[in-house]
Participant: 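This is the structure, below, for whatever I ask next.
Letters go in sequence order (proteins before strands), and every chain restarts at 1.
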Amino acid sequence: MCYDVNAQLETQLKRAMRDADEHAIREIREKMARETDLPLFHVTGFQHPKMIIYTNGNPNAPVVSQWGLVPFWAKDKKDIWNKTLNARGEAIFEKNSFKTSAKNKRCLIYIDGFYEHHHHGKETVPYYISRKDLQPIALAGLWNEWTDPETGEIRNTFSIVTTEGNPMMAEIHNNPKMAGPRMPVILPDGLEDEWLKPYRDELDQKQLEELLRPYPESELAAHTVGKLRGKDAVGNVPEAMVPVVYDDVKTTY
DNA sequence: CCAGACGTTGTT
DNA sequence: GTCTGG
DNA sequence: CCAGACGTTGTT
DNA sequence: GTCTGG
């Protein structure tokens, strides 16, 4: 699970800035950034925000992409893109909606942190999760280009790959309806580019699947924040990440 | 064979 | 309790 | 994923 | 486009 994120422009662009010249930097900042919905202090995937991703096609070039992968064969985005916000890592090479992307269209999404809901009695308490060192979180993703049959418009869309959750995530995300803790795939420093390597054979697939593991909780911090859903939702404002204390709920990890 | 789906989710 | 909308 | 609705009717 | 269910 990973349906709620905090993604700042600088965080999303950091990778591009490593090797961009001044002209490229200006192009990116002045043109591309305006096509996104950044900054996103809190957004849910169900709003299908436009963000920046880095694809295997050109790993250092930022691309505007919309959250909620629409497979190329889909006739209409509406029925599918609320169901493809996440892609179960164990099955990305099997599922119709993801298999071609898993082979040929993998991507990185850099975010500052993400949110999960904890259930305490009848109350729902959101947590904000980030790296302890506050560095950008590199998420493993899948992307695709989909042509809208109605407008002819080509849309770039993406999905966040998930894996089993670490013990901290299991404690936080304790929705009774769910069967097994999950968390987004966070690629450790130095391994991001492995996710963008070409797929040639079964061995490559094995190596890609090796990357889809839970990130160690020792590197993650979490604290309770204000409501993210419903009429009390804090909205897309910096206050979304500000700590909020709830009775009888662990405040920080 | 055709029709219809194609997806995700941890017990206060 | 269960479904839909965001 | 969670929050909120869950119903009917000819007019603000 | 491709798989599953009937």
Side-chain angles (χ1 to χ4, degrees), chain A residues 1-6 37 40 42-50 66-105 111 113-129 139-147 149 157-185 212 214 217 222 224-236 240 244 246-251 253:
Chain A
M1 39 55 185
C2 181
Y3 292 144
D4 300 81
V5 301
N6 164 27
D37 294 312
L40 300 168
H42 169 258
V43 70
T44 94
F46 297 100
Q47 295 172 287
H48 306 288
K50 289 180 179 172
Q66 197 164 11
W67 191 359
L69 188 146
V70 185
F72 66 92
W73 42 258
K75 296 188 185 74
D76 182 20
K77 63 184 178 339
K78 285 231 157 200
D79 295 330
I80 191 85
W81 73 343
N82 280 345
K83 302 172 182 175
T84 53
L85 299 172
N86 290 169
R88 195 178 170 85
E90 295 88 330
I92 53 173
F93 290 100
E94 321 295 329
K95 299 289 187 181
N96 284 338
S97 291
F98 298 127
K99 58 203 298 184
T100 56
S101 292
K103 275 194 178 184
N104 305 314
K105 295 181 189 297
I111 64 171
F114 57 98
Y115 303 85
E116 297 293 351
H117 289 88
H118 179 73
H119 292 258
H120 185 260
K122 59 180 182 177
E123 196 173 26
T124 304
V125 178
Y127 280 79
Y128 176 66
I129 298 120
L139 297 180
L142 303 175
W143 65 285
N144 191 36
E145 277 179 344
W146 177 71
T147 304
T157 63
F158 71 92
S159 181
I160 294 172
V161 179
T162 66
T163 185
E164 57 183 311
N166 64 35
M168 184 185 85
M169 295 306 306
E171 266 194 52
I172 291 177
H173 199 238
N174 61 350
N175 184 319
K177 289 180 185 171
M178 296 198 270
R182 306 291 298 173
M183 68 182 294
V185 173
L212 306 180
E217 65 179 79
T224 51
V225 296
K227 301 290 186 177
L228 304 175
R229 300 277 158 84
K231 50 180 160 58
D232 295 329
V234 62
N236 182 21
V244 171
Y246 294 81
D247 290 341
D248 301 327
V249 175
K250 186 167 174 176
T251 304
Y253 282 88

Participant: Would you call A/Phe72 and A/Glu145 a side-chain contact if the rule is heavy atoms closer than 4.5 Å?
Facilitator: no
Participant: Which value, in whole Å, describes the distance between the C1' atoms of nucleotides D/dG7 and B/dA3?
Facilitator: 35 Å
Participant: List in chain and number order the residues that pass side-chain hydrogen bond (donor to acceptor under 3.5 Å, both in side chains) with A/Asn144, two or more places apart in sequence or in another chain; answer none if no residue qualifies.
Facilitator: none
Participant: Could you measure between the two P atoms, the one in C/dG5 and the one in D/dT8, and give it in whole Å?
Facilitator: 16 Å
Participant: How long is the line joining NZ of A/Lys122 and C1' of D/dC2, in whole Å?
Facilitator: 16 Å
Participant: Dot-bracket for DNA chain B: what is it, with Watson-Crick or G-U pairs under 3.5 Å, [ ] where a pair crosses earlier ones, and | for a pair to another strand?
Facilitator: ||||||......
Participant: Using the C1' atom on both, measure C/dG6 against B/dG4 and round to a whole Å.
Facilitator: 26 Å
Participant: Between the protein and nucleotides 4-7 of chain D, list every N/O to N/O distance that falls short of 3.5 Å.
Facilitator:
unit_1 : atom_1 : unit_2   : atom_2 : d
D/dG4  : OP1    : A/Lys231 : N      : 3.0

Participant: The criterion is side-chain hydrogen bond (donor to acceptor under 3.5 Å, both in side chains); which residues satisfy it with A/His118, sequence neighbours excluded?
Facilitator: A/Asn174
Participant: Shortest non-hydrogen contact from A/Thr224 to A/Val125?
Facilitator: CG2-CG1, 3.6 Å
Participant: Which part of the nucleic acid, if any, lies within contact of A/Thr162, taking any heavy atom under 4.0 Å across all strands shown: a base, the sugar-phosphate backbone alone, or nothing?
Facilitator: sugar-phosphate
Participant: Polar atom pairs between nucleotides 2-6 of chain E and protein, under 3.5 Å, N or O only, would you list them?
Facilitator:
unit_1 : atom_1 : unit_2  : atom_2 : d
E/dT2  : O2     : A/Asn96 : ND2    : 3.3

Participant: Atom CE of A/Met169 and atom C1' of B/dT11: how far apart are they, to the nearest Å?
Facilitator: 16 Å
Participant: Going by ring pair (Phe, Tyr, Trp, His ring centres under 6.0 Å), name the residues that satisfy it together with A/Phe46, two or more places apart in sequence or in a different chain.
Facilitator: A/Tyr3
Participant: Looking at D/dC2, B/dT8, B/dT12, which one has an atom nearest to any side-chain atom of A/Asn86?
Facilitator: B/dT8
Participant: Residues two or more places apart in sequence or in another chain: which of them pass ring pair (Phe, Tyr, Trp, His ring centres under 6.0 Å) with A/Trp81?
Facilitator: A/His48
Participant: Considering every strand and a 4.0 Å limit on heavy-atom distances, what is the contact class for A/Ala74: base, sugar-phosphate, or nothing?
Facilitator: nothing
Participant: Between atom CG in A/Asp4 and atom P in D/dA3, what is the gap in whole Å?
Facilitator: 11 Å
Participant: A/Lys105: what forms a salt bridge (Lys or Arg N to Asp or Glu O under 4.0 Å) with it, not counting sequence neighbours?
Facilitator: none
Participant: Please tell me which of the listed nucleotides, E/dG1, B/dT12, D/dC2, lies nearest to the side chain of A/Phe72?
Facilitator: E/dG1
Participant: With sequence neighbours excluded, tell me which residues meet side-chain hydrogen bond (donor to acceptor under 3.5 Å, both in side chains) with A/Tyr253.
Facilitator: A/Glu171
Participant: Are the aromatic ring centres of A/His120 and A/Tyr246 under 6.0 angstrom apart?
Facilitator: no
Participant: Calculate the interatomic distance between A/Phe46 atom CZ and D/dC2 atom P; express it in whole Å.
Facilitator: 9 Å
Participant: Pairs of donor and acceptor atoms involving the side chains of residues 84-97 of chain A, under 3.5 Å and at least two apart or interchain, shall be tabulated with distances.
Facilitator:
unit_1  : atom_1 : unit_2   : atom_2 : d
A/Thr84 : OG1    : A/Leu69  : N      : 3.2
A/Thr84 : OG1    : A/Leu69  : O      : 2.5
A/Thr84 : OG1    : A/Ile80  : O      : 3.4
A/Asn86 : OD1    : A/Cys2   : N      : 2.8
A/Asn86 : ND2    : A/Cys2   : O      : 2.9
A/Glu90 : OE1    : A/Arg182 : NH2    : 2.8
A/Glu90 : OE2    : A/Arg182 : NH1    : 2.8
A/Glu90 : OE2    : A/Arg182 : NH2    : 3.4

Participant: Between D/dC2 atom P and A/Gln47 atom CD, what is the distance in whole Å?
Facilitator: 16 Å
Participant: For A/Glu145 and E/dG1, what is the distance between atoms CD and P respectively, to the nearest whole Å?
Facilitator: 17 Å
Participant: Under 4.0 Å between any heavy atoms, over every strand shown, what does A/Asp248 touch: base, sugar-phosphate, or nothing? Just pick one.
Facilitator: nothing
Participant: Starting at CG of A/Asn144 and ending at C1' of E/dG1, how long is that distance when rounded to a whole Å?
Facilitator: 12 Å
Participant: Quick one: list whatever passes side chain to side chain contact (heavy atoms under 4.5 Å, CB included) with A/Asn104, sequence neighbours left out.
Facilitator: none
Participant: With respect to the phosphate group of D/dC2, does any side-chain polar atom (N or O) of A/His119 fall under 4.0 Å of OP1 or OP2?
Facilitator: yes
Participant: What is the distance from NE2 of A/His118 to P of D/dC2, rounded to the nearest Å?
Facilitator: 12 Å
Participant: Which residues pass the side-chain hydrogen bond (donor to acceptor under 3.5 Å, both in side chains) test with A/Trp143, sequence neighbours left out?
Facilitator: A/Asn56
